[in-house]
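Down below is the structure, laid out as structure tokens.
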Amino acid sequence: MAHVCIHWFRKGLRLHDNAALMAALKDCKELYPVFILDPYLHHTQVGINRQRFLIGALKDLDCSLRKLNSRLFVLRGKPEDVFPKLFNMWNVTKLTYEYDTEPYSLRRDEKVASLAKEHGVDVIYKISHTLYNIERIIEENNGKPPLTYKRLQAIVQNLGPPKKPIPAPTLENMRDVKTPHSEKYEDKYRIPTLEELQLDSKFLGEELFPGGEQEALRRLDEHMKRTGWVCSFEKPQTSPNSLSPSTTVLSPYVTFGCLSARTFWWRLTEVYRGRKHSDPPVSLHGQLLWREFFYTCSVGIPNFNKMNQNPVCTQVDWDTNQRNLAAWREARTGFPFIDAIMTQLRQEGWIHHLARHAVACFLTRGDLWISWEEGQKVFEDLLLDGDWALNAGNWQWLSASAFFHQFFRVYSPIAFGKKTDKNGDYIKKYLPLLKKFPPQYIYEPWKAPRSVQQAAGCIVGKDYPHPIVQHEQISKKNIQRMKEAYAKRSSDNNESPIKKQGVKRKTPSVIDMLQKKIRKE
DNA sequence: AAGTTGGTTGATAGA
DNA sequence: GTCTATCAACCAACT
């Protein structure tokens, strides 16, 4: 029996390494590739740069599908409202999609799958957003997510390398598959413009990172050609404030699924083959494993994007200070390094990982003592690669709320950037009003004598703000506050130890068996 | 079971 | 420019 099939694109906006799409093409007579603009996920609060990236990715996908004599159908509304109508209208018999571990997605997909069942529609989903089946990693760790990178590494080492990616469908795969075309479909299911999403494109800067699978693969090729660079890549050695990105900026493409993490992984393996190369955690393979690490945590730890009711998150009495939060968000802290980073973030939608460290530390435990949840919201809005699991995990890391605990190591908003940009060229690029300051004052313009400020054409307090905090004093005070939060944490844990243990496995895990074997030998 | 080890990416001073 | 000790002393996992 030949199926009428909907393939539902959500993340995974690509044709390559798309196992669910390939499953859709099996025994299929009619295929409807669908994308739904979900008001929960694609509301107007999501930044304009991200929306532009999404629209680019959808256009690219539609273009690739048309080359296969198909097309993309874009719909709007809550998926649980949209699907029953589609099931009836198109007489659908099969629904396929890529598995998604986010809490909202799991709830959504459960609803849609049960509606599909009611309509007699088969549901098939495949894992291809992550390197591994995340649940399997947790299982291997006795039902608990590993809380250290080392532990995750041990588990995936025993699981073996990730699955090999599968090729994109070809015209041959599409031979017996039709996508019904109709004049009225063209307008009804077309990709929206920014204006239709109530966004004004006059606020947009140059499109440095266009969305889409083709651009993702082009960018991957471009970087994989740099054999020496790839093999010697060490993330901590890359610069947060170079004038053009010091890393690949493939993250937005992986976030939206324009690039498969497994495709990236295996391309790296090819480049590494027979050559001396760096290793996790600092290598490019290592970066993909960090993603896997935070995905695993986000699945295994309840309330992962919150402080309250989050069992791994240190409870901290963060301040509520709307003025300071706004100053941080809007790049008016008076610290040029911080403000330049926040400007780049807003304009371009991407900043280097270490730049994220600097501004995240500044907002939370370092200076402003504002909750990491506030920073998380701003990043989700502005980052092209804003990813629910990675954003929550990294904010907890940087605020020393979980995973990272050496809270006495505080980034200096003045000294940190100087290591890789002594002249402050990065600051001058993003804060051009400071461009005439001499290098010795560019990181702390308030220290420049009045005459220097006048010569630079920028008076601190008038043209550029005074620093909103005194870093030296406030960071010392904050270290003490962190110390108290940790002390309270351990005393609370002693009173009522948190049951962190997971479900006992019926069968021993691969790791347990391996450890037994090692003990025997 | 208590003590040890290591932790992707701190800042600073001094050799 | 590179390296090391110091600052204070965290947690998770391992032994």
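The structure displayed is predicted, hence computed values, not measured ones.
Using a distance-only test at 3.5 Å, with no hydrogens or angles considered, a donor-acceptor pair links the side chain of A/Arg14 to the main chain of A/Gly257. Remark: the backbone N or O of A/Met307 is not paired with any side-chain donor or acceptor of A/Trp372 at under 3.5 angstrom.
Applying the ring pair (Phe, Tyr, Trp, His ring centres under 6.0 Å) rule to A/Phe264 yields no partners; only residues at least two apart in sequence or on another chain are considered. With sequence neighbours excluded, no residue forms a ring pair (Phe, Tyr, Trp, His ring centres under 6.0 Å) with A/Phe304. Considering only residues two or more places apart in sequence or on other chains, A/His357 meets the ring pair (Phe, Tyr, Trp, His ring centres under 6.0 Å) condition with A/His353, A/Tyr411. Partners of A/Lys11 according to the salt bridge (charged side-chain N to carboxylate O under 4.0 Å, His left out) rule, which considers only residues two or more places apart in sequence or in another chain, are A/Asp100, A/Glu102. Under the ring pair (Phe, Tyr, Trp, His ring centres under 6.0 Å) criterion, A/Tyr132 pairs with no residue, sequence neighbours left out. Residues meeting the salt bridge (charged side-chain N to carboxylate O under 4.0 Å, His left out) test with A/Arg52, sequence neighbours left out: A/Glu207.
Distances shown here put a side-chain N or O of A/Lys150 below 4.0 Å from the OP1 or OP2 atom of B/dG7. Between A/Lys419 and the phosphate of B/dA11, there is a side-chain N or O to OP1/OP2 separation shorter than 4.0 Å.
Nearest heavy atom pair, residue A/Asn303 against residue A/Gln309, reads ND2-O, 2.9 Å. Pairing each heavy atom of A/Gly47 with each of A/Asp381, the nearest pair is N-OD1, 2.8 Å.
In this structure, A/Lys476 atom NZ and B/dG10 atom P are separated by 18 Å, rounded to whole Å. Distance, A/Trp397 CH2 to C/dC11 P: 15 Å, rounded to whole Å. Distance A/Arg151 CZ to C/dT15 P: 11 Å, rounded to the nearest Å. Across the protein-nucleic acid pair, A/Gln396 atom CD and C/dC11 atom P stand 16 Å apart, rounded to whole Å. Atom CZ in A/Phe403 sits about 11 Å away from atom P in C/dA13, given to the nearest Å. A straight line from CD1 of A/Ile479 to P of B/dA11 spans 11 Å, rounded to a whole angstrom. Rounded to an integer number of Å, the gap from A/Phe404 CZ to C/dC11 P is 13 Å. Taking atom CG on A/Asn394 and atom P on B/dT9, their separation rounds to 13 Å, with Å as the unit.
Pairs of residues two or more places apart, or lying in two chains, that qualify as side-chain hydrogen bond (donor to acceptor under 3.5 Å, both in side chains) and include a residue from residues 329-341 of chain A are A/Glu330-A/Arg332, A/Thr333-A/Asp339, A/Asp339-A/Tyr464.
If you check residues 277-288 of chain A against DNA chain B, the residues with a heavy atom closer than 4.0 Å are A/Pro281, A/Val282, A/Gln287, listed by number. Within residues 351-365 of chain A, no residue is approached by DNA chain C to less than 4.0 Å at the level of any non-hydrogen atom.
If you check the side chains of A/Glu292 and A/Tyr149, you find no donor sitting under 3.5 Å from an acceptor.
The same atom, P, is picked in C/dA8 and in C/dA12; the two are 23 Å apart, to the nearest Å. Across the P atoms, B/dG6 and C/dA9 are found 22 Å apart, a figure rounded to whole Å. Comparing the same atom, P, in B/dA1 and in C/dC10 gives a spacing of 23 Å after rounding to whole Å.
Pairing analysis of DNA chain C (Watson-Crick: purine N1 to pyrimidine N3 plus N6-O4 or O6-N4; G-U wobble: N1-O2 and O6-N3; both under 3.5 Å) yields stems of 3 or more pairs at B:2-7 with C:10-15, B:10-15 with C:2-7.
Ring geometry, A/His223 versus A/Trp229: the interplanar angle falls from 30° to 60°, so the pair is classed tilted. Taking the six-membered ring where the residue is Trp, A/Trp397 and A/Phe294 present perpendicular rings, their angle passing 60° and hence far from 30°.
The aromatic ring centres of A/Phe407 and A/Tyr486 sit less than 6.0 Å apart.
With respect to A/Lys488 and A/Glu484, no salt bridge is recorded, no charged nitrogen being found less than 4.0 Å from a carboxylate O.
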Interface polar pairs with nucleotides 12-15 of chain B, N/O, under 3.5 angstrom:
none

Pull out every protein N or O sitting under 3.5 Å from an N or O of nucleotides 1-9 of chain C, one pair per line with the distance.
from: C/dA9; atom 1: OP1; to: A/Lys483; atom 2: NZ; distance (Å): 2.1

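Just one of A/Phe335, A/Trp369, A/Trp328, A/Phe416 meets the ring-ring contact (aromatic ring centres under 6.0 Å, His included) condition when paired with A/Phe362; it is A/Phe335.
Proximity note for A/Tyr411 (side chain, C-beta onward) versus B/dT8, B/dG10, C/dC10: the nearest is B/dG10.
Each of A/Thr148 and A/Tyr486 was matched to the nucleotide of DNA chain C holding its nearest heavy atom; the match closer to the 5' end belongs to A/Tyr486.
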